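Presented below is the structure to which this report refers.
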Amino acid sequence: MAVIWRGNTQDRLHQDTISSGGGNSHKHKDKYKDKEHKHKDHKKDRERDKSKYGNSDHKEFSEKKHREKDRIKHEDVSTDRHKDKHKEKDHRKDESGLFIRCLFLFFRTEFKPKKIKIENDRVDKKTKKRKQDEDIKPKKTQKNKKGEVADGKKKAKKEPEEKWKWWEEERATDGSKWRFLEHKGPVMAAPYEPLPSKVRFFYDGKQMKLGPEAEEVATFFAKMLDHEYTTKDAFRKNFFKDWRKEMTSEEKSKITDLKKCNFNEMGEYFKAQSEARKAMTKDDKLKIKVENERLLQEYGFCIMDNHKERIANFRIEPPGLFRGRGDHPKMGMLKRRIRPEDIIINCSKDSKHPKPPPGTKWKELRHDNKVTWLVSWTENIQGSIKYIMLNPSSRIKGEKDWQKYETARNLKKCVDRLRNQYREDWKSKEMRIRQRAVALYFIDKLALRAGNEKEEGESADTVGCCSLRVEHINLYPEKDGQEFVVEFDFLGKDSIRYYNKVPVEKRVFKNLQLFMENKQPEDDLFDRLNTSILNKHLQELMDGLTAKVFRTYNASITLQQQLKELTSPDENLPAKILSYNRANRAVAILCNHQRAPPKTFEKSMQNLQTKIDAKKDQLSDAKRDVKSAKADLKVRRDEKSKKAVETKKKAVERLEEQLMKLEVQATDREENKQIALGTSKLNYLDPRISVAWCKKWGIPIEKIYNKTQREKFAWAIDMAEDDYEF
DNA sequence: AAGGTGACTTAGGACTAGTTGG
DNA sequence: CCAACTAGTCCTAAGTCACCTT
């Protein structure tokens with residue numbers, strides 16, 4: 001098959017080695033838990049062999065830490081720094097109580113404010129340089145006009161309020177998240193519509209009419225009939241137990257065995273409904289669309305501090321059967337319907353408060369501007385709180401996102417020092433320090449998650465770094481020609497399997513042997529460590545540092561390195577994009593972002609191949625044509641045949657290009673079979689790296705980010721230049 | 001420390017809309 | 001024009017981490 005450029009994403013660089021041995025002292029006191037761990041069942045057994053990088057990139061540590069928590073450091077506005085790149089240096093000089101400092105400074109970084117023209121002049125005066133024409137894209141909408149004005153709730157929506165550049169404004173420094181917040185409240189789940197009476201339910205072969213409560217819950221089950229999990233014991237058991245709670249006493253006494261329940265007619269009915277929906281006329285579909293749009297317009301936005309912002313999830317989650325991921329002990333439980341009485345509304349005192357549906361009231365109306373959510377309620381499966389919050393394109397999310405990358409860049413400056421330190425710590429005489437150091441090494445090198453402890457029986461048995469158990473690793477003094485190999489095999493977040501064989505330094509290896517001494521498979525590997533100890537330690541090493549910062553840092557730095565390495569200047573556009581995707585893929589592999597291979601994968605691959613073959617045929621035909629045209633030309637030597645040759649040549653070129661494009665596509669798709677790029681792109685990769693890359697190579701940003709992504713990363717697109725360095 | 005809660009980020013899969021090419 | 005297939009959106013579960021209480 002014609003797959004070109006097969007690059008092996010799995011190949012990895014590796015560096016470290018070093019060694020030395022070490023015996024130690026120890027004594028562990030254990031606090032082992034005894035639980036039964038089952039987790040054989042790697043249900044999604046998508047295994048992959050990966051190896052990882054570590055990377056190196058360093059910089060001097062120079063930062064001082066301390067910064068009041070919550071606050072953002074920033075600079076006094078009046079000072080004129082923030083010229084372009086001025087490096088961080090400290091900015092902690094707080095001026096006399098003037099708590100307003102400029103945001104730019106906070107995020108040191110070479111950030112050059114660009115064209116401004118924001119509404120507030122105050123901003124204006126502080127932003128001096130503005131450069132224009134940065135834009136990557138042809139979009140015209142870019143220019144913002146004076147959006148709105150002063151406070152007050154004038155719902156400024158005459159016009160979509162062109163692109164507000166919140167990143168050119170100051171940030172609050174008092175821990176408040178907003179000053180004014182107004183919204184319409186959530187959209188409640190649609191009420192239950194009883195089944196038409198022709199749709200029957202049978203118990204033990206006999207038809208039985210259910211009351212509306214029991215019937216509703218039954219429909220939840222009926223809708224899942226062809227799902228595999230309705231066959232799982234835990235699912236059925238949990239469902240049945242909760243279902244019975246909804247039954248009248250009469251129903252309850254009759255229905256005692258789930259196996260005797262026949263939901264088929266109900267299942268068929270829903271299937272038919274969805275068919276019908278698909279078959280609806282254009283007109284009807286349009287009507288639905290319009291209605292959705294209306295709902296979105298009405299409930300999908302809020303006013304926060306003078307700006308209309310999009311809400312992420314404005315609908316209350318409808319009732320249904322809970323399906324956790326992996327082997328979840330609560331699968332099948334009834335997720336109950338949320339009523340207005342369960343809902344807490346958060347908004348400004350002086351805003352127009354959302355009103356509850358007629359005849360109901362909210363559980364509570366509060367005005368807490370220290371949080372970002374608009375609505376919350378407590379969910380009944382785990383008892384956790386759910387929230388309605390703003391869209392990623394909103395100021396409140398964007399600032400936080402930006403800040404996250406700045407913290408990761410700070411780590412870049414001191415990562416060398418930290419690495420040296422944890423290596424030293426491998427030799428510590430204190431067990432807890434060694435454990436901390438080895439765990440940190442894993443987090444850094446393998447981008448593992450922190451691994452909070454979880455309550456047993458409340459959720460699937462998954463682990464992260466600190467919660468690894470002895471049974472999750474195997475040690476091989478020598479394997480496949482490499483020394484000191486650690487084999488990881490565990491279920492991580494979302495019960496995604498993490499499988500990796502990594503050669504480690506000898507000291508790490510020895511330490512692991514030590515940690516495992518006298519332990520049972522189900523004992524904690526790091527019995528003297530947990531995430532809170534680890535994070536406390538990290539916080540001391542660098543302000544704002546926590547375990548997850550390493551993931552962000554390593555992901556972003558890897559992207560940057562890989563882009564540098566993979567992009568070749570003379571490649572054409574599709575090839576450049578392939579290079580980008582490969583860099584992105586390297587990160588996804590590092591972070592273990594997997595996906596189930598699409599159901600239609602094989603087939604669609606085949607289709608592509610067919611196309612490629614067809615294209616090849618066309619190409620060889622076209623080549624033949626050129627030849628014969630040339631021959632013609634030789635004989636005739638007239639203008640006309642000359643033209644003909646040109647035309648045919650053009651055709652060949654065009655075909656070649658098309659073929660190449662297809663082949664690139666095939667390669668990309670193949671390599672991406674079980675790797676999901678979206679998660680890293682959205683959550684781990686500093687968007688400025690991508691923006692800079694696009695600018696540097698003249699790639700339209702749309703090739704890398706779709707519309708939603710461009711909205712989320714508007715700040716980066718606006719501010720990053722082609723020379724941006726993470 | 002330990003344990004609990006709250007807020008917020010990160011995650012994969014289901015669902016849907018939009019595009020393409022037959 | 002329609003079916004087939006993707007790409008993008010929606011959904012909500014499952015993490016992280018700070019902070020509070022004991």
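Keep in mind it's a predicted model, so treat the numbers as computed, not measured. Protein chains get the first letters and strands the later ones, always in sequence-line order, with residue 1 at the start of each. Values below: every heavy atom of this structure, side chains too, minus hydrogens, waters and symmetry copies.
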Exercise. What integer distance in Å separates A:Arg551:CZ from C:dT16:P?
Worked result: 9 Å
Exercise. Once the angle between the rings of A:Phe235 and A:Tyr229 is folded into 0 to 90°, is it parallel (under 30°), tilted (30 to 60°) or perpendicular (over 60°)?
Worked result: tilted
Exercise. Is the shortest side-chain N/O distance from A:His593 to OP1 or OP2 of B:dA11 below 4.0 Å?
Worked result: yes
Exercise. Do any side-chain nitrogens or oxygens of A:Asn452 fall under 4.0 Å of OP1 or OP2 in C:dG15?
Worked result: no
Exercise. For C:dG15, does OP1 or OP2 lie under 4.0 Å from any side-chain N or O of A:Lys454?
Worked result: yes
Exercise. What integer distance in Å separates A:Ile388:CD1 from C:dA13:P?
Worked result: 14 Å
Exercise. OP1, OP2 of B:dC8 versus side-chain N and O of A:Thr372: anything below 4.0 Å?
Worked result: yes
Seminar exercise, completed: When A:Asn292 and A:Lys712 are each assigned the nearest nucleotide of DNA chain B, the 5'-most assignment goes to A:Lys712
For this session: Would you mind classifying the nucleic acid contact of A:Ser459 as base, sugar-phosphate or nothing, using non-hydrogen atoms under 4.0 angstrom?
Result: nothing
Exercise. Considering only C:dA14, B:dC8, C:dA18, which nucleotide approaches the side chain of A:Trp373 most closely?
Worked result: B:dC8
Problem set entry | Residue mapping more 5' on DNA chain C - nearest nucleotide basis, A:Lys548 or A:Glu379 | A:Glu379
For this session: Take atom CG of A:Asp543 and atom P of C:dA18, then tell me their distance rounded to the nearest Å.
Result: 11 Å
Problem set entry | Separation of atom NZ in A:Lys400 from atom P in C:dT16, rounded to whole Å | 16 Å
Problem set entry | Under-4.0 Å side-chain N/O to phosphate OP1/OP2 contact, A:Thr679 with B:dG12 | yes
Exercise. What nucleotide, of C:dG15, B:dT10, C:dT16, holds the atom closest to the side chain of A:Lys404?
Worked result: B:dT10
Seminar exercise, completed: Ranking A:Gly492 and A:Leu545 by the position along DNA chain C of their nearest nucleotide, the one closer to 5' is A:Gly492
For this session: Measure from CZ on A:Arg323 to C1' on B:dG12 and round the result to the nearest Å.
Result: 13 Å
For this session: Measure the spacing between CD1 of A:Ile396 and OG1 of A:Thr372 and express it to the nearest 0.5 Å.
Result: 5.0 Å
Exercise. Could you give the OH-to-C1' distance, from A:Tyr684 to B:dA11, as a whole number of Å?
Worked result: 9 Å
For this session: Could you tell me whether A:Asp342 and A:Arg336 have a side-chain N and a carboxylate O separated by less than 4.0 Å?
Result: yes
Between N or O atoms, less than 3.5 Å apart, protein on one side and nucleotides 6-12 of chain C on the other: list the pairs.
from  : atom 1 : to       : atom 2 : distance (Å)
C:dT6 : OP1    : A:Ser604 : OG     : 2.9
C:dT6 : OP1    : A:Arg669 : NH1    : 3.4
C:dT9 : OP1    : A:Thr708 : OG1    : 2.7
C:dT9 : OP2    : A:Thr708 : OG1    : 2.5

Exercise. Taking the six-membered ring for Trp, is the centroid-to-centroid distance between A:Tyr684 and A:His593 below 6.0 Å?
Worked result: yes
Exercise. Relative to the ring of A:Trp402, is the ring of A:Trp715 parallel (under 30°), tilted (30 to 60°) or perpendicular (over 60°)?
Worked result: parallel
Exercise. Should A:Arg337 and A:Glu216 count as an ion pair when the cut-off is N to O under 4.0 Å?
Worked result: yes
For this session: Looking at every strand, decide which applies to A:Tyr387 at a 4.0 Å heavy-atom threshold: base, sugar-phosphate, or nothing.
Result: base
Problem set entry | side-chain contact (heavy atoms from CB on, under 4.5 Å) between A:Met333 and A:Lys330, intermediate numbers included | CA-CA 6 Å; A:Met333 284 177 60; A:Lys330 300 195 171 184; 3.6 Å; yes
Exercise. Side-chain N or O of A:Thr546 less than 4.0 angstrom from OP1 or OP2 on C:dA18?
Worked result: no
Exercise. With sugar-phosphate meaning primed atoms plus P, OP1 and OP2, does A:Gly464 contact a base, only sugar-phosphate, or nothing at under 4.0 Å between heavy atoms?
Worked result: nothing
For this session: Dump the intermediate steps for side-chain contact (heavy atoms from CB on, under 4.5 Å) on A:Leu682 and A:Lys712, then the final yes or no.
Result: CA-CA 9 Å; A:Leu682 238 45; A:Lys712 169 167 180 176; 4.2 Å; yes
Exercise. Would you say a side-chain N or O of A:Lys177 is under 4.0 Å from OP1 or OP2 of B:dA7?
Worked result: no
For this session: Please say whether the positively charged group of A:Lys335, taken as NZ for Lys or CZ for Arg, lies over the ring of A:Phe322, i.e. under 6.0 angstrom from the six-membered ring centre and within 45 degrees of the axis.
Result: no
Exercise. Which is true for A:Ala676 with a 4.0 Å heavy-atom rule: it touches a base, it touches only sugar-phosphate, or it touches nothing?
Worked result: nothing
Review item, nucleotides 18-22 of chain B N/O atoms under 3.5 Å of protein N/O:
none

Exercise. Is there a donor and acceptor pair closer than 3.5 Å between the side chain of A:Lys493 and the base of B:dT10?
Worked result: yes
Exercise. A:Gln382 has an atom CD; how far is it from atom P of C:dA14, in whole Å?
Worked result: 6 Å
Exercise. In whole Å, what is the span from the CD atom of A:Gln403 to the C1' atom of B:dC8?
Worked result: 13 Å
